[in-house]
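Since the structure comes first, as structure tokens, the remarks are kept for the end.
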Amino acid sequence: MVLDKGLGVRELEDLLEVAGNYFHFLKLGFGTTGLYREEVLRRKISLAHSFGIKVYPGGTFLEIALAQGEKIEHLLERFLNLGFSTVEISEGTVSWENRMRERLIKFARREGFTVLTEVGKKNPLYPFDPAEIARQIAADLEAGAHWVIIEGRERGRQVGIYDAQGRIKERTFRSLLEKVEDPGRLIWEAPLPSQQLALIRRLGLEVNLGNVPPGEVLSLAALRRGLRSDTFFLLERLGARPTRLARAKLG
């Protein structure tokens with residue numbers, strides 16, 4: 001998942017032409033969805049979809065709407081009208097009752113959305129309790145979420161599984177993994193290259209990563225294919241040949 005903090009239409013087109021084969025989701029970060037001229041927003045959504053990329057507004061937009069007392073169902077209908085096919089339901093800043101979260105997931109599924117949820121708080125003062133996070137992951141998947149995102153913010157420091165330097169808190173990370181039934185349904189926000197490498201080493205080449213900056217998509221794709229020294233020998237241990245993988249991709 002790539003984090004778009006305000007790409008222009010032509011910038012997005014360049015990104016998709018160069019690297020559109022190497023990511024699946026484009027998140028219009030924060031509440032930026034509400035700041036575009038509608039014509040520009042529709043062009044971005046349509047362009048992403050033409051490359052097979054699912055594009056969605058960041059969860060903050062829904063949280064703001066809820067805090068302002070708006071009808072979330074009406075907002076989701078507006079998203080559909082704009083052309084969005086994917087939505088994120090999160091509580092990174094505000095907190096909802098569990099029944100509200102479940103109801104929104106089910107409503108979004110009925111409306112035809114691909115549903116991503118997010119667990120964890122953006123404020124580092126809130127504890128990241130692996131047991132509670134695992135419980136919420138299970139509840140979201142049971143309610144119908146397709147994927148669950150582990151909060152990491154756009155800076156990747158002092159939030160979720162990361163310490164103030166952006167390193168993985170090993171005990172927290174392992175404790176969460178032990179409690180999650182299907183880690184393959186998780187997307188780990190990992191905006192820093194060091195975090196991407198650390199998660200690939202721990203969870204494998206196909207680990208789902210999020211909040212990847214647009215300019216680093218190809219770099220991450222190379223990392224996954226052993227075309228960088230950091231993972232060259234990792235692929236060798238797995239019995240894969242980096243050059244063969246590259247040649248197959250290039251045709």
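Residue indices begin at 1 and follow the sequence shown.
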Original post:
For T32, which residues count as a side-chain contact (heavy atoms from CB on, under 4.5 Å) partner, sequence neighbours excluded?
Top reply: L28, F30, Y36
Original post:
Is there side-chain contact between E88 and L62, with at least one heavy-atom pair below 4.5 Å?
Top reply: no
Original post:
Sequence neighbours excluded, which residues qualify as side-chain contact (heavy atoms from CB on, under 4.5 Å) partners of D129?
Top reply: A131, E132
Original post:
Rounded to the nearest 0.5 Å, what separation is found between the CD1 atom of I161 and the CG atom of L177?
Top reply: 8.5 Å
Original post:
Going hydrophobic residue to hydrophobic residue with side-chain gaps under 4.5 angstrom, can you get from L80 over to I105?
Top reply: yes
Original post:
So V87 and L116, side-chain contact (heavy atoms from CB on, under 4.5 Å) or not? Walk me through it.
Top reply: CA-CA 6 Å; V87 69; L116 307 178; over 6 Å; no
**OP:** Nearest 0.5 Å please: distance from the CG atom of L223 over to the CG atom of L205.
**Re:** 8.5 Å
Subject >> Nearest atoms (heavy-atom pairs only) where P214 meets L7 >> reply: CG-CD1, 4.0 Å
Subject >> Single-linkage hydrophobic cluster, 4.5 Å side-chain cutoff, V207 and V119 together >> reply: yes
Identify all side-chain donor-acceptor contacts of residues 138-148 below 3.5 Å with residues at least two apart in sequence or on another chain.
{"unit_1": "D140", "atom_1": "OD1", "unit_2": "R101", "atom_2": "NE", "d": "2.9"}
{"unit_1": "D140", "atom_1": "OD1", "unit_2": "Q136", "atom_2": "NE2", "d": "2.8"}
{"unit_1": "D140", "atom_1": "OD2", "unit_2": "R101", "atom_2": "NE", "d": "3.3"}
{"unit_1": "D140", "atom_1": "OD2", "unit_2": "R101", "atom_2": "NH2", "d": "2.7"}
{"unit_1": "D140", "atom_1": "OD2", "unit_2": "T117", "atom_2": "OG1", "d": "2.8"}
{"unit_1": "H146", "atom_1": "ND1", "unit_2": "V115", "atom_2": "N", "d": "2.9"}

Subject >> E181: partners by side-chain contact (heavy atoms from CB on, under 4.5 Å), with sequence neighbours left out >> reply: none
Original post:
Just by modelled atom types, is the E39 backbone N or O under 3.5 Å from a matching donor or acceptor in the R43 side chain?
Top reply: no
Original post:
Just by distance, with hydrogens left out, do R228 and S219 show a side-chain donor and acceptor under 3.5 Å apart?
Top reply: yes
Original post:
Quick one: does E77's side chain have a donor or acceptor within less than 3.5 Å of a partner on H74's backbone?
Top reply: no
**OP:** Indicate the atoms forming the closest heavy-atom contact of L76 with F113, along with that distance.
**Re:** O-CZ, 3.3 Å
Original post:
Hey, any chance L75 and I45 share a hydrophobic cluster, counting ILVMFWY side chains that come within less than 4.5 Å of each other, even indirectly?
Top reply: yes
Subject >> Single-linkage hydrophobic cluster L218~L26, side-chain heavy atoms < 4.5 angstrom >> reply: yes
Original post:
Heavy atoms, side chains only, cut-off 4.5 Å: are L199 and I168 in contact?
Top reply: yes
Original post:
Counting distance only, does the side-chain N/O of S175 pair as donor-acceptor with the main-chain N or O of T172 below 3.5 Å?
Top reply: no
Original post:
Quick one: side-chain contact (heavy atoms from CB on, under 4.5 Å) partners of E38, sequence neighbours excluded?
Top reply: R42, R78, L82
Original post:
Is atom CD of E17 surrounded by more than 12 heavy atoms (other residues, nucleotides or ligands) closer than 6.0 Å?
Top reply: yes
Subject >> Under the ring-ring contact (aromatic ring centres under 6.0 Å, His included) test, residues paired with F173 that sit two or more places apart >> reply: W188
**OP:** Using the test salt bridge (charged side-chain N to carboxylate O under 4.0 Å, His left out), find all partners of R110 that sit at least two apart in sequence or belong to another chain.
**Re:** none
Subject >> For the student: nearest non-hydrogen atoms of I150 and L186, plus distance >> reply: CD1-CD2, 4.3 Å
Subject >> Side-chain ion pair, K27 and E189, N-O less than 4.0 Å >> reply: yes
Subject >> Separation between CD1 of I89 and CG of L104, rounded to the nearest 0.5 Å >> reply: 5.0 Å
Subject >> Shortest non-hydrogen contact between G156 and Q195, atoms and distance >> reply: O-NE2, 2.6 Å
Subject >> Residue list, salt bridge (charged side-chain N to carboxylate O under 4.0 Å, His left out) with R185, at least two apart or on another chain >> reply: none
**OP:** Assess whether side-chain contact (heavy atoms from CB on, under 4.5 Å) is satisfied between V212 and Q196, documenting all intermediate values.
**Re:** CA-CA 9 Å; V212 177; Q196 297 160 14; 4.2 Å; yes
**OP:** Could you state whether V40 and L16 fall into the same hydrophobic cluster, counting links through intermediate Ile, Leu, Val, Met, Phe, Trp or Tyr residues with side-chain heavy atoms under 4.5 angstrom apart?
**Re:** yes
**OP:** Could you walk me through whether K54 and F23 pass side-chain contact (heavy atoms from CB on, under 4.5 Å), step by step?
**Re:** CA-CA 9 Å; K54 294 182 181 294; F23 65 101; over 6 Å; no
**OP:** Check side chain to side chain donor-acceptor pair (under 3.5 Å) between K5 and all other residues, then give those that pass, not counting sequence neighbours.
**Re:** none
**OP:** Applying salt bridge (charged side-chain N to carboxylate O under 4.0 Å, His left out), name anything that partners R174, two or more places apart in sequence or on another chain.
**Re:** E170
Original post:
Would a 4.5 Å heavy-atom cut-off, applied to side chains only, mark L209 and R224 as touching?
Top reply: yes
**OP:** Using a strict 4.0 Å threshold on nitrogen-to-oxygen distance, state whether D163 and R157 make a salt bridge.
**Re:** no
Subject >> For F84, all residues meeting ring-ring contact (aromatic ring centres under 6.0 Å, His included), sequence neighbours excluded >> reply: F79
Subject >> Any side-chain heavy-atom pair of P193 and E216 under 4.5 Å >> reply: yes
Original post:
If every non-hydrogen atom of V9 is compared with every non-hydrogen atom of K44, which pair is closest and at what distance?
Top reply: CG2-CG, 3.9 Å
**OP:** Let me see the working for H24 and I53 under side-chain contact (heavy atoms from CB on, under 4.5 Å), right down to the final yes or no.
**Re:** CA-CA 5 Å; H24 300 87; I53 305 297; 5.7 Å; no
Original post:
Has the side chain of N211 got a donor or acceptor atom that lies under 3.5 Å from a matching backbone atom of L3?
Top reply: no
Original post:
Under the salt bridge (charged side-chain N to carboxylate O under 4.0 Å, His left out) test, which residues partner R201, sequence neighbours left out?
Top reply: none
Subject >> Residue pair V159 / F128, side-chain heavy-atom distance below 4.5 Å >> reply: no
Original post:
If we only count heavy atoms from C-beta on, is the V2 to F25 side-chain gap below 4.5 Å?
Top reply: no
Subject >> Heavy-atom side-chain contact between V55 and H49 under 4.5 Å >> reply: yes
Original post:
At their closest point, which heavy atom of E151 faces which heavy atom of R153, and how far apart are they?
Top reply: OE2-N, 2.8 Å
